[in-house]
2 protein chains.
Amino acid sequence: MACVPEEAVNRMTRLIGDADKAECKVNKLRAITNKIDEKELDVEAEIFKAMADPCRLKILMLLREGELCVCEIMIGLERPQSTTSYQLSILKEAGLIKERKDGRWSRYRLSEGAVIEMLNLAKLMMDVKI
Amino acid sequence: MACVPEEAVNRMTRLIGDADKAECKVNKLRAITNKIDEKELDVEAEIFKAMADPCRLKILMLLREGELCVCEIMIGLERPQSTTSYQLSILKEAGLIKERKDGRWSRYRLSEGAVIEMLNLAKLMMDVKI
DNA sequence: CTTATATATCAAAATAGTTGGATATGGAAG
DNA sequence: CTTCCATATCCAACTATTTTGATATATAAG
């Protein structure tokens, strides 16, 4: 059942008693989500999605050591070339890595900015969890 | 084609010329990935995976305002109850949120720690990208 | 121009994640 | 014990992602 506002107000009224306060609370909750820009949300989700894969995390960790070309990365990953290329394209699309063409090689490096901090935070959270 | 070490060394030799240096470089790359604990990698990927969905990001943003029960979250999200519950279970499993049972209500809040910084970093990266 | 090599792209199969209605569970109130 | 309500779980349809061999593209060298 979709959550139409009327239902929401009824539900909230049962939860907190007073109907006026309930409507106010519903509006407040809706306001929080309504002011969120869906486009920005998608871009943020895309960034997390790109990091949400063990294979791609490995690539990012390899690139912490410096710029590498595809064949070096595939050696580090122990994956076929097509897989490596595909994963790199996801990371690039999300803005996490940058590409530099150099003759027949494509050299990849971490983007400037928050990628490394992100990895560090995840490690922190992982340590808390384990 | 799987990337067996011999192939890797040949490939690397073509890349940098000297066969001994090539083997050394292959070993260095392999060493970086071999010392990565696959289990930790999976946990980190799970954390990013949990954040890699617009609907779940919305939940996290709602919870920045404070503790909420499921029915409040579903009102904010404008999604059915089963969906809301499912998404909350993913976030909880990843350790991003905590649950507190209170009578027939389940109240959820952000975990202490790095969740908010993570959201802030993503926003930063998103801003750079757009 | 031909060949070799590095990388990207394609296509199809396999796998994984999401959604929401239906149903189960469990607490609170009567 | 029965009823009501909040939440969780189940299930099946749907959608998205991943994988990899095969193929295309592009650059460099002969």
Side-chain angles (χ1 to χ4, degrees), chain A residues 1-4 7-8 10-17 22 41-42 45-46 48-59 67-75 77-94 97 99-108, chain B residues 1-4 7-17 22 42 45-59 67-94 97 99-108:
Chain A
M1 133 209 61
C3 192
V4 299
E7 267 179 51
N10 292 342
R11 185 174 273 267
M12 190 63 74
T13 305
R14 286 196 300 273
L15 184 60
I16 62 180
L41 213 58
D42 287 345
E46 190 198 6
F48 287 119
K49 215 173 279 182
M51 302 186 81
D53 178 89
C55 180
R56 288 194 290 269
L57 284 177
K58 252 189 195 171
I59 292 178
E67 195 183 58
L68 294 173
C69 70
V70 179
C71 74
E72 291 170 311
I73 296 166
M74 69 180 266
I75 287 166
L77 275 189
E78 308 185 52
R79 294 266 176 201
Q81 185 266 322
S82 59
T83 300
T84 306
S85 233
Y86 167 73
Q87 301 290 21
L88 285 166
S89 75
I90 302 282
L91 290 168
K92 190 177 114 182
E93 190 61 31
I97 63 177
E99 185 188 13
R100 179 172 68 88
K101 296 278 189 192
D102 175 17
R104 59 188 133 162
W105 290 279
S106 289
R107 303 194 185 275
Y108 287 93
Chain B
M1 131 209 65
C3 193
V4 298
E7 266 179 51
V9 176
N10 292 342
R11 184 173 274 267
M12 189 64 73
T13 305
R14 285 196 300 273
L15 184 60
I16 61 180
D42 287 345
E46 191 199 7
I47 292 169
F48 286 120
K49 217 173 279 183
M51 303 186 79
D53 178 89
C55 180
R56 289 194 290 269
L57 284 177
K58 253 188 194 170
I59 293 178
E67 196 184 56
L68 295 173
C69 71
V70 179
C71 74
E72 293 171 310
I73 295 167
M74 70 182 265
I75 287 167
L77 275 190
E78 309 184 51
R79 293 266 177 203
Q81 184 266 322
S82 60
T83 300
T84 306
S85 233
Y86 167 73
Q87 302 289 21
L88 285 166
S89 75
I90 302 282
L91 290 168
K92 191 177 115 183
E93 189 61 31
I97 62 177
E99 186 189 11
R100 179 173 69 87
K101 295 277 189 194
D102 174 16
R104 58 188 133 162
W105 291 279
S106 289
R107 303 195 184 273
Y108 287 93

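Lettering follows sequence order; numbering is per chain, from 1.
In terms of the side chain to side chain donor-acceptor pair (under 3.5 Å) criterion, residue partners of B:Arg100 (sequence neighbours excluded) are, by chain and number, B:Glu67. With sequence neighbours excluded, the residues that form a salt bridge (charged side-chain N to carboxylate O under 4.0 Å, His left out) with B:Lys58 are A:Glu38. Evaluation of the side chain to side chain donor-acceptor pair (under 3.5 Å) rule for B:Ser82 yields no partner, not counting sequence neighbours.
The side chain of B:Gln87 contributes an N or O atom lying less than 4.0 Å from OP1 or OP2 of C:dT19. Contact between the side-chain N/O atoms of B:Arg14 and the OP1/OP2 oxygens of C:dA6 is found at a separation under 4.0 Å. Contact between the side-chain N/O atoms of A:Tyr108 and the OP1/OP2 oxygens of C:dA8 is found at a separation under 4.0 Å. Contact annotation: B:Arg11 does not reach the phosphate of C:dT5 (side-chain N/O to OP1 or OP2, under 4.0 Å). For the pair A:Ser82 and D:dT20, the criterion of a side-chain N or O lying under 4.0 Å from OP1 or OP2 is not met.
Residue B:Met12 contributes atom CE, which lies 13 Å from atom C1' of C:dA6 at whole-angstrom precision. As rounded to whole Å, 16 Å separates atom P of C:dA6 from atom CG of A:Leu88. Regarding A:Ile73, its CD1 atom lies at a distance of 14 Å from the P atom of C:dA6, rounded to whole Å. For the pair A:Leu91 CG and D:dT17 P, the computed distance is 14 Å after rounding to whole Å. Computed from coordinates, the B:Ile75 CD1 to D:dA6 C1' distance equals 12 Å when rounded to whole Å. Note: CD (B:Glu78) to C1' (C:dT19) measures 16 Å, nearest angstrom. Atoms CG (A:Asn10) and P (D:dC5) sit 11 Å apart, rounded to a whole Å. Regarding A:Arg79, its CZ atom lies at a distance of 12 Å from the P atom of D:dT18, rounded to whole Å.
Note: A:Arg56 CZ to A:Lys49 NZ = 10.0 Å, rounded to the nearest 0.5 Å. To the nearest 0.5 Å, the span separating OG1 on B:Thr83 from CD1 on B:Ile73 amounts to 13.5 Å. Here the straight-line distance linking atom NZ of A:Lys92 with atom OG of A:Ser89 works out to 8.0 Å at 0.5 Å rounding. Atom CD in A:Gln87 sits 5.0 Å away from atom CG in A:Asp53 (nearest 0.5 Å). Note: B:Cys69 SG to B:Met74 CE = 10.0 Å, rounded to the nearest 0.5 Å. Here the CD atom belonging to A:Glu72 is positioned 10.5 Å from the CH2 atom belonging to A:Trp105, to the nearest 0.5 angstrom.
Nearest-nucleotide positions on DNA chain C place A:Val70 closer to the 5' end than the other of B:Ala52 and A:Val70.
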Exercise. Please walk me through it: do A:Tyr108 and A:Leu91 pass side-chain contact (heavy atoms from CB on, under 4.5 Å)?
Worked result: CA-CA 10 Å; A:Tyr108 287 93; A:Leu91 290 168; over 6 Å; no
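At the heavy-atom level, A:Thr83 lies under 4.0 Å from base atoms of the strands shown. Note on B:Glu99: only backbone sugar-phosphate atoms sit closer than 4.0 angstrom, heavy atoms only; bases stay farther off. A:Cys69 comes within 4.0 angstrom of the backbone, heavy atoms only, and of no base.
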Could you pull out the protein-nucleic contacts involving nucleotides 13-17 of chain C (nitrogen or oxygen on both sides, under 3.5 Å)?
unit_1 : atom_1 : unit_2  : atom_2 : d
C:dG17 : OP1    : B:Lys49 : NZ     : 3.4

Please write out the pairs of protein N or O atoms and N or O atoms of nucleotides 28-30 of chain C separated by less than 3.5 Å, giving the distance to one decimal.
none

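For a distance-only test at 3.5 Å, the side chain of A:Gln81 fails to qualify as a donor-acceptor partner of the base of C:dA6.
For the side-chain contact (heavy atoms from CB on, under 4.5 Å) criterion with A:Ile59, the lone passing option out of A:Leu68, A:Ile90, A:Leu77 is A:Leu77.
Residues B:Arg11 and B:Leu15 form no side-chain contact, since every pair of their non-hydrogen atoms from C-beta on lies 4.5 Å or further apart. Two residues are said to be in side-chain contact when any heavy atoms from C-beta on lie closer than 4.5 Å; B:Met51 and A:Met51 fail this criterion.
An end-to-end axis angle of 20° holds for the helix from C:dC1-D:dG30 to C:dG30-D:dC1, taken from five base pairs per end and rounded to 10°.
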